[in-house]
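One structure is given here, and the rest of the page talks about it.
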Amino acid sequence: MSDTSPKDPVAEAFEAQRDRLRAVAYRMLGSHADAEDVVQEAWLRLSRQDTATIHNFAGWLTTVVGRISLDVLRSRQAHPEASYDDRLPELVVTVDDGPAPEDDVALADSVGLALLVVLESLGPSERLAFVLHDLFAVPFDEIGRILGKSTDATKMLASRARRKVQATERPTAAGREQREVVQAFLAAARRGDFEGLLRVLDPEVRLTVDTPNGVVVILGATKVAAGAAARVAAGAAARGLAVLVNGLPGIVSWREDGAPLSVMAFTVVDGRIAGIAVVIDPARLASMDLPDPG
């Protein structure tokens with residue numbers, strides 16, 4: 001809820017920007033709750049600002065939301081194993097047998113959702129540069145001021161982020177290579193092959209696990225390979241089915257009694273796994289539209 005007054009022209013102008021600001025923050029943070037907090041903080045900062053000094057109202061607010069979101073992302077990096085609410089986007093699971101013509105709309109929707117999963121694999125500065133420029137057309141010089149970097153350096157960050165996003169944007173086109181990387185990961189995990197895991201994991205891989213007690217985030221190939229990867233892969237070894245999760249290669253696994261055990265999605269960038277999203281929360285699994293075990 002906003003504490004703004006509809007009779008206040010500044011408040012009215014802010015409300016007119018609220019949906020766009022929320023969209024910026026959500027794509028930066030992947031969390032509806034965090035996005036609402038960021039937008040409310042932007043309002044508080046605006047209320048303390050002499051608005052006569054603001055020459056571009058929308059641009060000023062976008063800059064503020066960008067800076068607050070960047071602080072949140074950096075804080076997450078500093079405390080990577082903390083639990084966060086609402087961190088994983090909605091997951092759309094489809095059987096991985098290639099898209100049929102009637103699946104085009106569903107696939108388009110899932111690829112849109114996949115972007116949030118891919119964005120989780122970007123560093124804070126990369127994510128800010130890509131989201132603000134490519135998704136919201138903010139000029140590079142303005143983004144550079146937020147980051148404290150030159151315009152050219154900011155362009156390079158956005159370009160690097162764009163390559164990572166494009167590498168996973170059309171999973172069916174590069175499906176074979178992505179599946180091979182995922183299979184190599186699972187095989188190494190089942191063998192307990194630590195070096196083999198490191199070969200297929202990006203050094204900055206992000207593992208996000210949606211548990212009954214909240215979402216846990218683990219960063220770095222060493223930590224993921226040391227135990228989390230093997231634990232995750234053990235579930236897939238039970239009764240697993242290859243699927244697409246938000247357009248990304250994934251696996252659904254079930255217990256012996258047919259109850260869903262886990263859903264996993266893998267983000268593959270430049271031949272390595274840059275992100276693993278896992279749902280093991282029974283309540284969330286029960287709410288998902290999953291294929292039959294077969």
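From a predicted model like this one, the values you see are computed outputs, not experimental measurements.
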Cluster question for you: counting only ILVMFWY and a side-chain heavy-atom cut-off of under 4.5 Å, with indirect links fine, are [X] and [Y] together?
X: Phe194; Y: Phe185; value: no
X: Val10; Y: Ile54; value: yes
X: Val138; Y: Phe57; value: yes
X: Trp60; Y: Leu70; value: yes
X: Val278; Y: Ile218; value: yes

Taking all non-hydrogen atoms of both residues, which atom of [X] and which atom of [Y] are closest, and how far apart?
X: Ala35; Y: Tyr26; value: CB-N, 3.7 Å
X: Ala42; Y: Val65; value: CB-CG2, 3.9 Å
X: Pro282; Y: Pro212; value: CD-CG, 3.7 Å
X: Val205; Y: Ile273; value: CG2-O, 3.4 Å
X: Ala274; Y: Asp202; value: CA-CB, 3.9 Å
X: Val245; Y: Gly250; value: CG2-CA, 4.1 Å

Pick out which of Met264, Glu177, Gln178 makes a side-chain contact (heavy atoms from CB on, under 4.5 Å) with Pro249.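 Going through Met264, Glu177, Gln178 one by one, the side-chain contact (heavy atoms from CB on, under 4.5 Å) with Pro249 is satisfied by Gln178 alone.
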From the options Ile143, Thr63, Thr154, Leu147, select the one residue that forms a side-chain contact (heavy atoms from CB on, under 4.5 Å) with Leu132. Ile143
Between Arg199 and Glu195, is there a side-chain N and carboxylate O pair less than 4.0 Å apart? no
Contact between Val209 and Val215 at the side-chain level, heavy atoms closer than 4.5 Å - yes or no?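 Heavy-atom side-chain distance check fails, nothing below 4.5 Å.
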Show your reasoning for whether side-chain contact (heavy atoms from CB on, under 4.5 Å) applies to Ile68 and Arg45. CA-CA 11 Å; Ile68 300 170; Arg45 295 190 186 187; 3.6 Å; yes
Apply the test side-chain contact (heavy atoms from CB on, under 4.5 Å) to residues Leu219 and Glu204: give CA-CA distance (whole Å), side-chain angles for both, the deciding distance (0.1 Å), then the verdict. CA-CA 6 Å; Leu219 292 180; Glu204 298 178 2; over 6 Å; no
Applying side-chain contact (heavy atoms from CB on, under 4.5 Å) to Leu241 and Trp254, what does each step give before you reach the verdict? CA-CA 9 Å; Leu241 175 69; Trp254 294 268; 3.6 Å; yes
Is there a side chain to side chain donor-acceptor pair (under 3.5 Å) between Thr62 and Arg20 once you walk through the steps? CA-CA 9 Å; Thr62 301; Arg20 185 181 63 84; 2.8 Å; yes
Steps toward side-chain contact (heavy atoms from CB on, under 4.5 Å) verdict (Arg27, Phe136): CA-CA 10 Å; Arg27 283 160 180 78; Phe136 294 95; 3.8 Å; yes
Separation between CZ of Phe130 and CE of Met28, rounded to the nearest 0.5 Å: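 If I round to the nearest 0.5 Å, the distance is 12.0 Å.
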Approximate separation, where rounding is to 0.5 Å, of Phe14 CZ and Leu21 CG: 6.0 Å
